[in-house]
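Structure first, commentary second.
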Amino acid sequence: MLKKFVHIILLILPSSLIANEPTDWQLGFQKSASKSMSDIVWFHDYMLLPIITAITAFVLFLLLYVCIRYRASRNKIASTTSHNTMIEVIWTLVPCLILIVMAVPSFKVLYSQDEIPKADVTIKAVGYQWYWGYEYPDENIIFDSYMIEDKDLMENQPRLLSVDNEVYVPVNKVVKVMITANDVLHAWALPSFGVKRDAVPGRINETWFKADRTGTFYGQCSELCGIKHAFMPITVNVVSEDEYNEWLEEAKVKFAKDEIKNNIKIVKNIREIK
Ligand SMILES: [Cu+2]
């Protein structure tokens with residue numbers, strides 16, 4: 001009964017509210033699918049936005065007030081006031097206090113993202129000009145992930161976001177992502193998970209996420225990396241543990257690392273013989 005109810009609600013809701021990708025006329029963030037992202041959304045919606053709105057309104061009020069109250073026609077003789085210790089102390093201390101109040105939850109969110117819990121699944125993402133390569137180091141899996149061209153798109157595949165080989169991860173498990181690049185700077189970013197890390201050649205950056213619902217999630221390279229920067233999307237399928245294991249079995253055959261390495265060796269040998 002409850003399941004049915006939830007399903008009906010989901011059907012009624014505008015797609016932008018449940019989408020895992022950017023939507024037309026979208027305002028604000030994509031819907032979160034991890035605690036990290038929920039923390040970021042909370043911080044933005046309940047800390048930054050109210051404070052910045054209040055400050056902007058207050059400054060606007062002050063400006064309008066002085067423009068009207070102290071206009072030239074009303075003040076024929078200009079005031080010669082130059083200092084007021086009390087007001088100077090206040091306008092130094094109050095902004096400091098506001099910053100301190102904001103810094104506490106900000107650092108909390110930052111540290112929770114920075115500290116990687118014990119990983120259940122580890123993925124290595126390598127940025128290339130212009131596609132992503134993935135490796136599951138513990139599973140002997142390696143594959144490349146290219147964007148699907150417009151003409152090859154199937155139904156329900158969003159343009160510029162769909163890829164041929166998608167990443168699979170289990171739901172409610174800690175996924176550690178090791179990120180690097182092979183040529184220039186790229187960045188592995190997935191808004192719904194609250195994840196964005198630079199991919200730097202010769203260095204491995206780490207981040208993590210724990211997806212709290214299943215679905216297909218889309219991200220893009222977020223560091224200007226050349227002419228096809230906009231065409232190296234990221235697609236992550238969050239699936240149940242069983243579905244993940246099923247995919248693993250298939251992937252271990254399809255994307256077997258040893259075999260791929262052997263094939264590269266064979267190609268190299270053939271070239272050398274030639
Ligand atoms: Cu890139």
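One-based numbering, in listed order, for ligands and for the atoms of each. Model, not experiment: these values are computed from the prediction.
Distances shorter than 2.8 Å separate the Cu ion (ligand 1) from the protein N/O/S atoms H186 ND1, C221 SG, C225 SG, M232 SD.
For W247 and Y136, the distance between ring centers is under 6.0 angstrom. Ring centroid separation for the pair Y168 and Y244 does not come in under the 6.0 Å cut-off.
Donor-acceptor pairing under 3.5 Å is recorded for the side chains of E243 and S240. Side-chain contact annotation: S79 with T81, donor-acceptor N/O pair under 3.5 Å present.
Not one N or O on the side chain of W208 forms a donor-acceptor pair closer than 3.5 Å with the backbone of A119.
Partners of D212 according to the salt bridge (Lys or Arg N to Asp or Glu O under 4.0 Å) rule, which considers only residues two or more places apart in sequence or in another chain, do not exist here.
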